[in-house]
Engineer: 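Below you'll find the structure I mean.
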Amino acid sequence: MRANLPPPNKRLGQNFLIDPNIVRKIVALAELGPSDHVLEIGPGRGILTEALCHAAGRVTAVEVDPRLHAYLETRQAELPNVELVCEDALAYPVESLPMGTVVVANLPYYISTPLLFRLLDQRGRFPRMVLMLQAEVADRLVAKPGGSDYGVLSVMAQYAADITKAFRVSAQCFRPRPEVASAVVLLRTKEHTGLSQQEEVAFRALVKAAFAHRRKTIVNSLRDEGYDQKHTAEALTQLGLSATARAETLSLDHFVELSRLISVGSNEIA
Ligand code: SAM
C-alpha cells in the first residue's frame with residue numbers, strides 16, 4: 001500500500017511536475033538506453049524517476065527530504081532499478097558514480113547554481129546533463145558576450161560544456177506552481193578544454209575577478225582584485241582588445257587566452 005503523499009515543502013523547492021508530456025520530452029532529450037546509469041537529483045514524488053527507470057539501466061535518485069524518500073521506498077517494487085539515497089545532493093559523493101553517468105533532474109532552484117558547479121567539476125564523469133532550471137538561470141547559461149545575462153556562470157559553464165536551451169516549461173506544469181518561469185537545458189560536457197588542471201584554477205579565479213566590479217573596465221576590476229594593472233593592459237593589447245574593455249564584452253576564448261597570458265606574466269615576475 002502507498003504511503004500518503006507529504007505536503008510540499010516550499011523551502012526545499014518542491015514544485016512537482018504534473019505534466020507527463022514534459023516528462024517525456026525531458027527523458028527523450030537525455031537519449032537514454034538500457035546500459036545507461038542516471039543520476040537524478042531531487043526525485044520528489046517520482047514522476048520523472050519512474051520514466052527514467054523505464055528508459056535507463058540504473059537510476060541513483062538523491063532526495064534530501066526524508067518524507068519523500070520514505071514515500072519513494074514504498075514504491076520500490078515498481079522501480080526495481082532505482083537506488084534511493086536520502087542525502088543532500090551538495091554532500092553526495094558524485095565521484096562514486098560510474099563514468100558515463102547521465103544527469104537528469106528537475107533541480108531544486110534554490111541551490112541550482114552550486115549544484116551545477118559541483119556537477120561540472122566532475123564533468124569527466126557526466127557526458128551529458130538534462131536539467132530543469134529557473135528560466136533566468138538557463139538564459140545566463142547560454143548568454144553570449146555583450147548582454148546583461150552574460151557573467152561568471154555563462155563563462156564557466158560554457159568553458160565546461162556545450163549548452164542548448166531546449167524548451168521553456170509553463171508554471172502550469174507544476175504543483176504547486178512556481179513563482180518563476182522554468183526551462184530545460186541540455187549540457188554536453190567537453191572532453192578537452194585546452195587548459196591543464198592548474199591553469200584552470202587560475203582561469204576560474206580570473207573570470208571571477210573580472211566580473212567582480214561589473215561597472216569598471218576589466219583592467220580596473222582585476223587591479224582591485226590584486227592583479228597587476230600593467231600585465232593586464234599588455235595582455236589585452238596582445239589579444240587585440242581595448243584597455244578600456246569591460247568583462248562582459250570578452251568571449252570565452254578571450255578569457256582563456258587572457259588567463260594564459262597573465263599567468264605567464266606573473267610567473268616571469270615571481
Ligand atoms: N523530480 C521531482 C519532479 O520533477 O516532480 C521533484 C522536483 S522538485 C523541483 C525538487 C526536488 O529536490 C524536491 O523533491 C526537493 O525535496 C529536492 N531537494 C531539495 N533540496 C535538495 C538537496 N539539497 N538535495 C537533494 N534533493 C533536494
Side-chain angles (χ1 to χ4, degrees), residues 2-30 32 38-56 59-76 78-79 81-97 101-122 126 129-138 166-186:
R2 277 191 195 176
N4 283 337
L5 275 173
N9 179 342
K10 215 173 162 186
R11 208 175 48 79
L12 289 176
Q14 291 179 357
N15 301 99
F16 301 108
L17 261 175
I18 53 159
D19 186 333
N21 193 37
I22 299 297
V23 172
R24 265 193 299 275
K25 283 171 78 174
I26 291 174
V27 176
L29 201 59
L32 298 169
V38 171
L39 167 66
E40 185 190 7
I41 293 169
R45 295 174 171 177
I47 186 170
L48 186 55
T49 321
E50 192 174 343
L52 292 170
C53 284
H54 288 300
V59 178
T60 300
V62 183
E63 172 59 60
V64 77
D65 186 341
R67 302 169 313 154
L68 287 171
H69 176 78
Y71 166 75
L72 286 173
E73 277 184 325
T74 68
R75 298 186 57 192
Q76 185 82 66
E78 291 165 64
L79 314 166
N81 52 343
V82 72
E83 183 201 356
L84 298 169
V85 179
C86 191
E87 194 171 341
D88 176 352
L90 282 171
Y92 177 75
V94 286
E95 55 283 359
S96 65
L97 292 163
T101 297
V102 181
V103 184
V104 185
N106 171 12
L107 288 181
Y109 295 168
Y110 75 106
I111 45 163
S112 59
T113 307
L115 273 172
L116 192 59
F117 277 123
R118 193 167 154 70
L119 295 169
L120 288 175
D121 269 351
Q122 286 286 322
F126 304 122
M129 310 187 201
V130 177
L131 304 176
M132 172 104 72
L133 297 158
Q134 196 174 330
E136 190 194 296
V137 176
F167 53 90
R168 282 177 79 92
V169 181
S170 144
Q172 291 183 10
C173 301
F174 303 87
R175 285 292 179 281
R177 293 183 190 186
E179 279 151 26
V180 294
S182 304
V184 173
V185 292
L186 168 66

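Every value quoted in this text rests on a predicted model; they were computed, and no experiment measured them. As the structure lists them, so they are numbered: ligands from 1, and atoms in each ligand from 1.
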Engineer: Can you give me a line-by-line list of nitrogen or oxygen pairs between ligand 1 and the protein shorter than 3.5 Å?
Structural biologist:
from	atom 1	to	atom 2	distance (Å)
ligand 1	1 (N)	E40	OE2	3.4
ligand 1	1 (N)	G42	O	2.8
ligand 1	1 (N)	P43	O	3.4
ligand 1	4 (O)	N106	ND2	2.9
ligand 1	5 (O)	L17	N	2.8
ligand 1	14 (O)	G44	N	3.4
ligand 1	14 (O)	E63	OE1	2.7
ligand 1	16 (O)	Q14	NE2	2.8
ligand 1	16 (O)	E63	OE2	2.6
ligand 1	20 (N)	Y110	OH	2.8
ligand 1	23 (N)	D88	OD1	2.9
ligand 1	24 (N)	A89	N	2.8
ligand 1	26 (N)	V64	N	3.4

Engineer: Partners of E95 by salt bridge (charged side-chain N to carboxylate O under 4.0 Å, His left out), sequence neighbours excluded?
Structural biologist: none
Engineer: Who are the salt bridge (charged side-chain N to carboxylate O under 4.0 Å, His left out) partners of R67, not counting sequence neighbours?
Structural biologist: D65
Engineer: Specify the closest pair of heavy atoms between N15 and N106, including all atoms of both residues, with the distance to one decimal.
Structural biologist: O-ND2, 3.7 Å
Engineer: Answer yes or no: is there a side-chain heavy-atom contact under 4.5 Å between V137 and Y109?
Structural biologist: no
Engineer: Given side chains that start at C-beta, do those of L84 and E63 come closer than 4.5 Å, heavy atoms only?
Structural biologist: no
Engineer: Check side chain to side chain contact (heavy atoms under 4.5 Å, CB included) between I18 and all other residues, then give those that pass, not counting sequence neighbours.
Structural biologist: R175
